[in-house]
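Below is one structure, written out as structure tokens; comments come after it.
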Amino acid sequence: MATIITPDRRPQMASVRPGIMQAIEADFNKTGEIIQHDISDFVADKRIHRISESKEQSNGISLNDSRIIVSVGRGVKNPETVRQIRQWAQQIGAVVAGSRAAVEAGLIEPQMQIGQTGHVVSPDIYIAIGISGQIQHTSGIGGAKKIIAINSDASAPIFNIADYGWVITAEEAVKRLLTNTI
Ligand SMILES: Cc1cc2nc3c(=O)[nH]c(=O)nc-3n(C[C@H](O)[C@H](O)[C@H](O)COP(=O)(O)OP(=O)(O)OC[C@H]3O[C@@H](n4cnc5c(N)ncnc54)[C@H](O)[C@@H]3O)c2cc1C
């Protein structure tokens with residue numbers, strides 16, 4: 001996160017995090033000229049040397065490409081419930097992510113955190129289980145087409161932005177979802 005103020009100078013700069021906007025269809029009819037610049041002499045800081053390059057390892061699931069995300073919050077208190085949520089998510093073709101509180105509780109991997117300091121996502125369906133709906137979390141799901149909230153507290157702020165809500169404990173909800181007895 002950075003504040004960049006350049007009212008009187010150029011170049012001006014803007015940055016956008018992945019997932020915050022819907023990608024438009026690629027237009028392969030467009031043409032353009034590619035100009036190769038030789039930047040081999042350009043070294044901003046001679047003390048910095050690139051030793052090697054490596055890609056971040058992931059479990060192969062990209063949050064940005066996921067159409068359905070099931071997100072776990074601190075209200076999902078134990079690993080067994082998370083395991084059941086993962087089982088249900090697999091059944092519906094969803095990826096499991098979580099709030100920062102869930103990451104800090106060790107329930108969800110840090111790279112699957114949603115929010116201001118995590119990923120910004122735009123899935124078709126975002127299912128928040130045991131997530132209160134603090135702004136630092138919901139700023140990461142503004143692009144979601146439908147938000148479903150599952151929370152035991154009917155006054156949780158997440159219900160203010162949810163399209164559908166279910167007031168129930170996470171434990172009871174996942175039990176019913178797995179047995180199709182909603
Ligand atoms: C600078 C900064 C950056 C941050 N960045 C992020 C970020 O990127 N992402 C992020 O998520 N947070 C971020 N946070 C933290 C954020 O402010 C909240 O603390 C966090 O989102 C809360 O997570 P939560 O909703 O899972 O937990 P809580 O706020 O504790 O909410 C838990 C919810 O679970 C419900 N609940 C309790 N028991 C049950 C049950 N048995 N079944 C169902 N529901 C239950 C409760 O009613 C409650 O609504 C940031 C904070 C700061 C200061």
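No hydrogens, no waters, no symmetry mates; every other heavy atom, side chains included, goes into these values.
In plain terms, the two heavy atoms of I150 and A173 that are nearest each other are CG2-CB, 3.8 Å. Across every non-hydrogen atom of V103 and P110, the tightest pair is CG1-CA, 3.6 Å. Taking both residues in full, the closest heavy atoms of V120 and G115 are given as CG2-O, 4.4 Å, listed atom of the first, atom of the second, then distance. Smallest separation of non-hydrogen atoms from L107 and G73: CD1-O, 4.4 Å. W166 and F159 get closest at one heavy-atom pair: N-CE2, 3.7 Å. Residues V167 and S152 share a closest heavy-atom pair of CG1-O, 3.6 Å.
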Subject >> Evaluation steps, side-chain contact (heavy atoms from CB on, under 4.5 Å), between L177 and Q91 >> reply: CA-CA 10 Å; L177 289 165; Q91 288 178 8; over 6 Å; no
Subject >> Trace of the salt bridge (Lys or Arg N to Asp or Glu O under 4.0 Å) decision for E171 with K175 >> reply: CA-CA 6 Å; E171 299 78 10; K175 198 161 54 170; over 6 Å; no
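Remark: I108 CD1 to I85 CD1 distance equals 8.0 Å, nearest 0.5 Å. Here R67 contributes atom CZ and I92 contributes atom CD1; the two are 13.5 Å apart, rounded to the nearest 0.5 Å. With values rounded to the nearest 0.5 angstrom, D163 atom CG is found 10.0 Å from I125 atom CD1. The CG atom of L63 sits 10.5 Å away from the CD atom of Q113 when rounded to the nearest 0.5 Å. N180 contributes atom CG, which lies 10.5 Å from atom CH2 of W88 (distance to the nearest 0.5 angstrom). In this structure, OG in S99 is found 11.5 Å from CD1 in I129, a value given to the nearest 0.5 Å.
Looking at E80 and Q84, their side chains do bring a donor and an acceptor atom within 3.5 Å of each other.
Ion pairing of R100 with E104 is present here, as a side-chain N (NZ or NE/NH1/NH2) and a carboxylate O approach within less than 4.0 Å.
Residues D124 and I68 are not in side-chain contact: their nearest non-hydrogen atoms beyond the backbone lie 4.5 Å or more apart. Proximity of I69 to I127: side-chain heavy atoms (C-beta onward) are nowhere separated by under 4.5 Å.
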Show every donor-acceptor pair shorter than 3.5 Å between a side-chain atom in residues 130-137 and any protein atom, with sequence neighbours excluded, or say none if there are none.
| unit_1 | atom_1 | unit_2 | atom_2 | d |
| --- | --- | --- | --- | --- |
| S132 | OG | Q134 | NE2 | 3.3 |
| H137 | ND1 | I114 | O | 3.4 |
| H137 | NE2 | Y126 | OH | 2.8 |

